[in-house]
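The structure appears right after this line, and notes come after that.
What you see is a predicted model; the values in this text were computed from it and never measured. Computed over heavy atoms, backbone and side chain alike; hydrogens, waters and symmetry mates excluded.
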2 protein chains.
Amino acid sequence: MPARKSPDTASRIPSGKAATINDIARLAGVSKKTVSRIINNSPLVRKDTREKVEALMREVGYTPDPLARGLAFRRSFLIGMVYDNPTAQYIVDMQYGALDALRDSGFELVVHPCDSRTPNYIDGVRRFVQQQKLHGVMLVPRASEDQKLADMLAELGCRYSRIVPVGFEDNDGRMIVTHDREGAVEAADYLLTLGHRDIALITGPLTYRSAIERTNGFLDTLAQRGVEVPKARIIEASYTFESGVAAAEKLFAARQRPTAIFCGNDEMAAGVYKVALRAGISIPRDLSVVGYDDSPLASRLWPSLTSVRRHTRDTGRIAAGALIRTDTAPLAVASVRPHLIVRDSCQPPP
Amino acid sequence: MPARKSPDTASRIPSGKAATINDIARLAGVSKKTVSRIINNSPLVRKDTREKVEALMREVGYTPDPLARGLAFRRSFLIGMVYDNPTAQYIVDMQYGALDALRDSGFELVVHPCDSRTPNYIDGVRRFVQQQKLHGVMLVPRASEDQKLADMLAELGCRYSRIVPVGFEDNDGRMIVTHDREGAVEAADYLLTLGHRDIALITGPLTYRSAIERTNGFLDTLAQRGVEVPKARIIEASYTFESGVAAAEKLFAARQRPTAIFCGNDEMAAGVYKVALRAGISIPRDLSVVGYDDSPLASRLWPSLTSVRRHTRDTGRIAAGALIRTDTAPLAVASVRPHLIVRDSCQPPP
DNA sequence: CTGAAAGCGCTTACAG
DNA sequence: CTGAAAGCGCTTACAG
């Protein structure tokens, strides 16, 4: 029964149901194994056979059933995104990026927030991965920094990609390095160039790799130009708005106020704005402020906030793309570099 | 081969692989069909048989393979979340809510943002639903307002739940009504009680049901108390920060400024803040502002913004829960009611 | 209440 | 380069 690209080909398929590999094989006059080879891009198919079958598949709108394929492969067509606690915009951007990579690939994105502070969250991720037979997992900060989590995935034989602030060794997974240090270096350069010397720093929790990188990048750059930041002007906060408020209150209570503050993220910078506004301290006339994230908040504040942009969507696209690529390329490292977006929150010191 | 709860039971299962229904049946000394009945909560199983098998399943940590079940059922264990364009915090909250309902249910959440302004987005959703054989779909505003989308799902026989600003008829899907009108009524009552009479309104696009409900609820309440809002003080904007800025500029350019502004969401209220701050108009001394959403932005602005809270996470939990409930209950309507969170952005008129 | 057979729509392992 | 058989781990339809 040879295939014919006739209007009635579709009618040969049981109506009301989607075509199966058997329908395609029958209509094309080949075995289902040959159709399977074409679905899986095997080179062991004659060119004209492939073209004939592909045309038929297009004609009837055939797509293989991911459940059946998954069962036979012992692996689903699902990509998991594992994350804990970051800001909403960051998560949504990361999801959009991942979906950019997965679009029309036959893979879908399954979201899995977790709480890395609970002792057994790794078991939760393990059950998720094992039960769904995930094809791969994206690890987003801060979960991505947990080596035990990565080790568990390696042991399960589940491929994963890690988004990390700084590059390091991992034999099993792929790294996407966001180079947070460089963003902080740029922020420091900018403030120095404006002429600031009395500079303060509000950091995220120093148990976070991102906070460490941003802090060191910032302080090292100042030190290189001979600017020391006294201990009292380095405040470890927690990446939240409220902690930014508290940090700013502490800084403003000192005998001499800094002329510029670098904040480890925009949320904390918004806290600084609030305290400054309340205290009648004018930004940027009396005080310059730089944030990190370039979140929507940055342009909603007034004056709009100078901040480091992270290209989160690109990061997500790369991380997800690395999981579905068929070439079993060597475990490479990809880089996404931040850069400073200058707005209206800084000027030379008074 | 009777089941024994002995330490070596697990060793009867091929090492390195997860247990299957066949392992359970063999170790329990029953047929796989009986195990299947237990998995699916069939009443046609003797109590002691059920208990024996369930104990064994717990002992070996057996969970049925969703791919195999999905293939046999012709339906996956995936819930799709379809949405277009709302704010990040809203989407993330909705996802958290849905995941609350799906936790430990065996179902997973697959995210599917779309763009309802493109003509063929419904086809995209259709492919998504058909190809993945979704168990159900959550429709989030504004996509949830599109009757054609709902009709397509009904035609496919895919169950769905719709989150909508106001209740209406739908024979196929379940409704979760967020009663946006009530939130706006509360905002109007509050401003009237403070003594405002010169009131302006910045609405979302009036093609959005949410914008219509909020607008009508607000204006009707004012009218009932004899307060008319002149046309020039009702500005249709687009739920964005920038559109809020433009609307505020227009309102402030009038001969007489309103003493209070109700904004259809917090983003636009942030735009009003920006213009007021730049123009030296003091909030709340010269101008009272009320938002809608109670987004994180509301407490980050200074003075913190009085806004209508939506209980988005609860909404998501109900919408997802309705899709996985086994009781084929009548298609009911659930309600989530908003309420005003009073902060520091309002006071009696000058 | 319980079970043996057939099937869901694919792939693997083997043979040619 | 191509195919027939067996299998992935479940459920449905039928029989008892």
Measure the [atom1]-[atom2] distance between [X] and [Y] for me, rounded to the nearest 0.5 Å.
X	Y	atom1	atom2	value
B:Glu54	B:Ile39	CD	CD1	10.5 Å
A:Phe168	A:Arg162	CZ	CZ	3.5 Å
B:Leu153	B:Lys148	CG	NZ	14.5 Å

Report yes or no: does [X] contribute a side-chain atom to a donor-acceptor pair with the main-chain N or O of [Y] at less than 3.5 Å?
X	Y	answer
B:His135	B:Arg75	no
B:Thr315	B:His311	yes
A:Ser76	A:Gln132	yes
A:Ser161	A:Met175	no

B:Arg26/B:Asp23 ion pair, N-O < 4.0 Å: yes

Using 4.0 Å as the upper bound for N to carboxylate O, is an ion pair formed by B:Lys133 and A:Asp65? yes

At a heavy-atom distance below 4.0 Å, what parts of residues 68-76 of chain A sit against DNA chain D? A:Leu71, A:Ala72, A:Arg74

Do A:Tyr121 and A:Asp146 have a side chain donor and acceptor closer than 3.5 Å?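 The criterion, which ignores hydrogens and geometry beyond distance, is satisfied for A:Asp146 and A:Tyr121.
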
Using a heavy-atom cut-off of under 4.0 Å over every strand shown, decide if B:Tyr62 touches base, sugar-phosphate, or nothing.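 Since only primed, P, OP1 and OP2 atoms lie under 4.0 Å of B:Tyr62, the category is sugar-phosphate.
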
Side chain to side chain contact (heavy atoms under 4.5 Å, CB included) partners of A:Arg46, counting only residues at least two apart: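 Listed in chain order: A:Asp48, A:Thr49.
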
Residues touching DNA chain C, which here means a heavy atom under 4.0 Å, drawn from residues 125-134 of chain A: none

What is the distance from [atom1] of [X] to [atom2] of [N], rounded to the nearest Å?
X	N	atom1	atom2	value
A:Asn40	C:dT11	CG	C1'	8 Å
A:Ile21	C:dG7	CD1	C1'	16 Å
B:Leu67	C:dG9	CG	C1'	12 Å
A:Ile38	C:dT11	CD1	C1'	15 Å

Does B:Ser36 put a side-chain nitrogen or oxygen below 4.0 Å from OP1 or OP2 of D:dC10?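 For D:dC10, neither OP1 nor OP2 has a side-chain N or O of B:Ser36 closer than 4.0 Å.
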
Between the protein and nucleotides 1-5 of chain C, which nitrogen or oxygen pairs are less than 3.5 angstrom apart?
unit_1	atom_1	unit_2	atom_2	d
C:dT2	OP1	B:Thr49	OG1	2.8
C:dT2	OP2	B:Arg46	N	2.9
C:dT2	O4	B:Arg37	NH2	3.2
C:dG3	OP2	B:Ser31	N	2.9
C:dG3	OP2	B:Ser31	OG	3.1
C:dG3	OP2	B:Thr34	OG1	2.7
C:dG3	N7	B:Arg37	NH1	3.3
C:dG3	O6	B:Arg37	NH2	2.7

Qualifying residue for side-chain contact (heavy atoms from CB on, under 4.5 Å) with A:Leu139, from A:Val164, A:Ile163, A:Leu149, A:Val125: A:Leu149

Validation: residues 97-113 of chain B side-chain donor-acceptor distances under 3.5 Å, sequence neighbours left out:
unit_1	atom_1	unit_2	atom_2	d
B:Asp100	OD1	B:Arg103	NH2	2.7
B:Asp100	OD1	B:Arg313	NH2	3.0
B:Asp100	OD2	B:Arg313	NE	2.8
B:Asp100	OD2	B:Arg313	NH2	3.4
B:Asp100	OD2	B:Arg317	NH2	3.3
B:Ser105	OG	B:Leu102	O	2.5
B:Ser105	OG	B:Phe107	N	3.1

Are there runs of at least three consecutive Watson-Crick or G-U pairs touching DNA chain D, with each pair's two distances under 3.5 angstrom? Give them by first number. C:1-3 with D:14-16, C:5-12 with D:5-12, C:14-16 with D:1-3

